[in-house]
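Each chain gets a letter, A, B and so on, in the order its sequence line appears, and its residues count up from 1. A quick note: this is a predicted structure, and the numbers were derived from the prediction, not measured.
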Amino acid sequence: MAKAEKKRGSGEILGVLALLFILVGLYVALIQAPPDAYQGEVQRIMYIHIPSIVAAYLCFFIVFLGSCLYLWKRETRDDILAKSAAEVGVLFTALTIIEGSIWGKPTWGVWWTWDARLTLTALLLMIFVGYIMLRSLIEDEERGAVCGAVVGIIGFLDIPLIHMSVYWWRTLHQPPSIFRPDKLPWENIKWPLLWPLIINIVAFVFLSLYLLSLRIRVGETEERIKGEMLGGTA
Amino acid sequence: MRSRRFIIGGVIILAALFYLIYGGMRQAMVYFVTPAELQGQEAKSQGKFLRVGGMVVKGSLQRDPDGLTYRFQLTDGSAVIPVRFHGVPPDLFADGKGAVAEGKIGADGVFVATTIMAKHAEEYSPAEHGKPFSPRSFIPAAEEKRP
Amino acid sequence: MGSWGFVLLAYGIVWLALVLYFLSLKNRMRKAGTKLSQLRSAGSPGKHEK
């Protein structure tokens, strides 16, 4: 019980940190940061677009870890972690695509186009929506967890593909601005626009971890309900 | 045993799905062709839906008096292709910037675009202080030359 | 739609979705918690039967 209390406490700390960074992040993104020289005000969408995909990647990395651990040790705890992170990851991936689309219309001129990066990101969303559907379709707990783990690991492998797509193929989407080995972030994004982005990335990382901690608690409670219904002392 | 059969079924479905996406990806892999790749292939490519990507040749962008027809040239540094577009281009479409045009090559060798997309660099910097930002600040080359 | 229109549309959708997801998690948590305590209070005599 003490362990659960401690877990809950650290979850609340994540929530407070997330809220703090979200408020500062919104202020710097919408008010403090200057408009971009080339794109104008629309560029402010970048302050949620990049943080959203960072949060999504983080969640799917957690799915990957949880899935590997589950296949190795077969502990329900790891499966709950993977299942929860997949749900939060799907939310942030969907948000990334929506934000990108709203940004794409005024900058590129189209809401959507089938270039490699966009196609692979749509695939990532499809894989993990499929993961969630699969989990709800399979009645058998253990079988569902194993199938989920396999899909979760395969799905995660799409992320390096998404990241490299802009180098390997011709795309409409521009190459990365920050996560690249050949250039430093501030060479691509000038400081007045870079630090608001960093604050928002931190905010979204805290927020996604906080939502994940809440989702894990739901999963754990559901697990206890199953235990009670089986008449066990779980 | 049943679980193994289920996994095999799942793998087959996944493989089919990936095959579909792979087909789509092959299209995405050659998302656009460059003017150099199109050079000499004009007759063969006529009437085919294509995307051509490159830079708008500086000074080539002209706007017809109707205000809706744009003529410009796209280049990849080695070859140049003339493009005609009727419609409203995106805000960031401008002289000397990257663009992808969707459309077909006409009998006269001019690429008739139905959609223009602006491709932009991964660089961001604050607007210069005191200068109000105007996305449509590009002036058609024909007007620019006027004294 | 002006530049700010796109910006506010994007921020609006994102924060609406995030708040709704947060509320749905709280709701699921509450429902699951109630069910668990119901099961626990109703289930304890049942266990003795076995």
Residue A/P192 versus chain B: region with a heavy atom under 4.5 Å: side chain

Residues, nucleotides or ligands: over 12 heavy atoms within 6.0 Å of A/Y57 OH: yes

More than 12 heavy atoms from other groups under 6.0 Å of NZ on B/K58: no

Exceeds 12 heavy-atom contacts within 6.0 angstrom, atom CD of A/E142: no

A/K226, NZ atom: more than 12 neighbouring heavy atoms under 6.0 Å: yes

Residues, nucleotides or ligands: over 12 heavy atoms within 6.0 Å of A/F61 CZ: no

Considering only distance and modelled atom types, tabulate donor-acceptor pairs under 3.5 Å from the side chains of residues 151-165 of chain A, sequence neighbours left out.
from   : atom 1 : to     : atom 2 : distance (Å)
A/D158 : OD2    : A/L124 : N      : 3.3
A/H163 : NE2    : A/F179 : O      : 2.9
A/S165 : OG     : A/I162 : O      : 2.6

Taking every non-hydrogen atom, the tightest pair across A/Q174 and B/K119: CA-NZ, 4.4 Å

Residue pair B/R51 / A/L172, side-chain heavy-atom distance below 4.5 Å: no

Proximal to chain B - members of residues 102-110 of chain A, heavy-atom separation under 4.5 Å: A/W103, A/P106, A/T107, A/W108, A/G109, A/V110

B/Y31 (side chain) donor-acceptor with A/T113 (main chain) under 3.5 angstrom: no

Residues forming a side-chain hydrogen bond (donor to acceptor under 3.5 Å, both in side chains) with A/R135, sequence neighbours excluded: A/D79, A/Y131

Any residue of residues 108-118 of chain B which, by heavy atoms, sits under 4.5 Å from chain A: B/T115, B/I116, B/M117, B/A118

